[in-house]
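For reference, the structure discussed in these notes is given below.
Naming convention: chains lettered A, B, ... in sequence-line order (proteins, then strands); numbering from 1 in each chain.
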Amino acid sequence: MRYQNATAYRFLAPYLLIFSIFWLWPIIDSFLISFQATRTVPWRFAPTFNWGRLIGDPAFFNALKNTLLILVIQVPVMISLAIVMAVLLNSPLLKARGLFRFAFFAPVVVGEVAYSAVFRLMFNLDYGIINKLLNSIGLPSVDWFTNVTPAMAVIMMAVTWRWAGYNAIILLAGLQSIPEDVYEAATLDRVSKVKQFFYITLPLLKPIIVFCAVLSIIGTMQLFTEPFLITERGGPGGGTETLGLLLYRQGFRSLNFGYASAIAYTMAGLAIAISLVQIWLTREPK
Amino acid sequence: MAAVTLKNVIKRFGVFEIVHGANIDIDDGEFVVFVGPSGCGKSTLLRMIAGLEDISDGEIAIGGKVVNDIEAADRGIAMVFQSYALYPHMTVEQNLSFGLRMTGNPKADTERRVKRASEILRIAELMKRRPRQLSGGQRQRVAIGRAIVREPQVFLFDEPLSNLDAELRVQMRVEISRLHKELGVTMVYVTHDQTEAMTLADRIVVLNAGNIEQIGAPLDLYDDPANRFVAGFVGSPKMNFLAAKIVGADNGAAVVELVNHRGARLRKPLSDALPAIGGDVVLGVRPEHFFDAGQGDCDLTLKADVAEHLGSVSYVYANSGTGGGREELIIEREASRHRANGDDLVVSIKADRSLLFDATGARIR
């Protein structure tokens, strides 16, 4: 038995080695770095230097507020949209199901830079298609990137476009695991389709919805690409700066790795905390 | 309570016709079992009665009213599914009351119906549990309970016992029988298990490849099957079919030669017109209709392959040896505990305990 385990570990060794060097060590090291003052060489141990700054840093709270705002608005909208998409994909009336499934999933495989560039073009003030559409129905153009609220809206729309289909595919798998005869039983019980959705589909889909929500929360807490590329590094004036962007700015622009590490740990801690609360709130009754 | 009538009911899926014109009259309060091998269309037929499948052609009436265009929920039926189809996230009580609650049935009446169902099925102590906390048999009871609370005119069962182990199946079979007596409601039951059909049914409908082969009381089907399919399907172990030839006619009887048994001959009196001499036929003999040597009309010498001793009876799996083609037979013997492999075995068959079928499988009486 012990010999068999040893063999197994020898097979695992290459992976464990790489995992230790490139994953485990950075995770531990960044935790240690967060307790060091890294603005001067040599770095010195100063536990309150970064964590103390964090508590009083308006830039941090701005980024936190922006991140949470996106989280609170975008995640529920996206999950709701994903559920609707999944139900439509699952409909027996749908033709060309495979094509739609691919189309919904495609945004995930599009390069981030390419999709960000397309979104910038679409929302361009003068020749973007969005403003053209608004004008065509008699609405004025919106200056999407120079005001905070519309810029935030663009970020949320972009993230939703990119990830709603992905979540819909996961939810579709959940929908397909609900046996058809449960719906038939409900039909015989004279329960309408709408009530079937709210009293059968949603409760049975709940574990998958929670899974998608937790994935989305973790993803949104780390949001970086969209504010970096679409609203040009969290513009206007830090109005769309997220925690991920602040981390990048501190770590790789100012080379202040201690503070960046503290921000990173805060992001991870928040993501775990929010996810746990989410799981606890939606737990199955005993 | 209601009678169910199927008139020339046809079901097509695309170009494939699954049910080819079924005509069945089910009396009020009758227990009718649809039986047949998988893919014979029995479940489709049941689902058409339920309203879960459209009817391609023909007419279904429940309680004298044609229900072709009536929604499933309005047909006055309740259905028990093979997989139970319980709502996994609801307690037993919620499972039973769900339909009534959703349709705004008065609360007091809902409670009364749930209580009655739980008493009939003796599941009162399970009411707060969820389906995953129940055994297979308990789940099946809840599924039946959910049908009872609807107070339907007709109960439909779609292979309700096939997910249970053998012992529980026997127990639930008795339970369903008791339920039928207690409620006195029309029940239509689908199964592929001929034992369930034989034990439960007032009348059995035998289906094969979308056709009704025969409708009749269990023992009528057993004693007097209309064709080879029914003869082979009803009864366990299966009826033996011996290849034979008509070699002569004798005063209203056909002389049948068993081609795989060294020319053994049987004189089989028939009431139908005698079949042509030289024609291929099949002689059906049930395992329990083999007698000791010399006791019947024709002796067969066999070699025993395997004997299964069940205590009260033994089944001897024997073959016809090398005379002509080799033919496998199953023979029930009460006193054959000593039989073993390779032993010679002489048995006798009787003309009035055997059935004759023509080459197409139709019965020659």
Give the intermediate values and the outcome of side-chain contact (heavy atoms from CB on, under 4.5 Å) for residues B:Arg150 and A:Arg190.
-> CA-CA 10 Å; B:Arg150 299 203 61 213; A:Arg190 209 191 301 273; 4.2 Å; yes
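- The minimum heavy-atom distance linking A:Leu188 with B:Ala72 is given by the pair CD2-CB, 3.5 Å.
- The closest side-chain heavy-atom distance from A:Asp181 to B:Gln82 is not below 4.5 Å.
- Proximity to chain B involves both the backbone and the side chain of A:Tyr199, based on heavy atoms less than 4.5 angstrom apart.
- Within the 4.5 Å cutoff, no side-chain heavy atoms of A:Lys206 are placed close to those of B:His89.
- With respect to chain A, the highest number of heavy-atom pairs below 4.5 Å among B:Val80, B:Asp74, B:Asp158 belongs to B:Asp74.
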After noting the C-alpha distance and the side-chain angles of A:Glu184 and B:Met79, does the key distance pass the side-chain contact (heavy atoms from CB on, under 4.5 Å) rule?
-> CA-CA 9 Å; A:Glu184 289 182 345; B:Met79 184 151 163; 5.7 Å; no
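- Taking both residues in full, the closest heavy atoms of A:Ala185 and B:Tyr87 are given as C-OH, 3.6 Å, listed atom of the first, atom of the second, then distance.
- Minimum interatomic distance between A:Val182 and B:Ala85 (heavy atoms only, all atoms of both residues): N-CB, 4.0 Å.
- Heavy atoms closer than 4.5 Å to chain A are found nowhere in B:Leu100, neither backbone nor side chain.
- Other residues, nucleotides and ligands place more than 12 heavy atoms under 6.0 Å from the CD atom of B:Glu119.
- In this structure, the portion of B:Arg47 lying under 4.5 Å from any heavy atom of chain A is its side chain and not its backbone.
- Interatomic distance, OG1 of B:Thr103 versus NZ of A:Lys195, reported as 7.5 Å (0.5 Å rounding).
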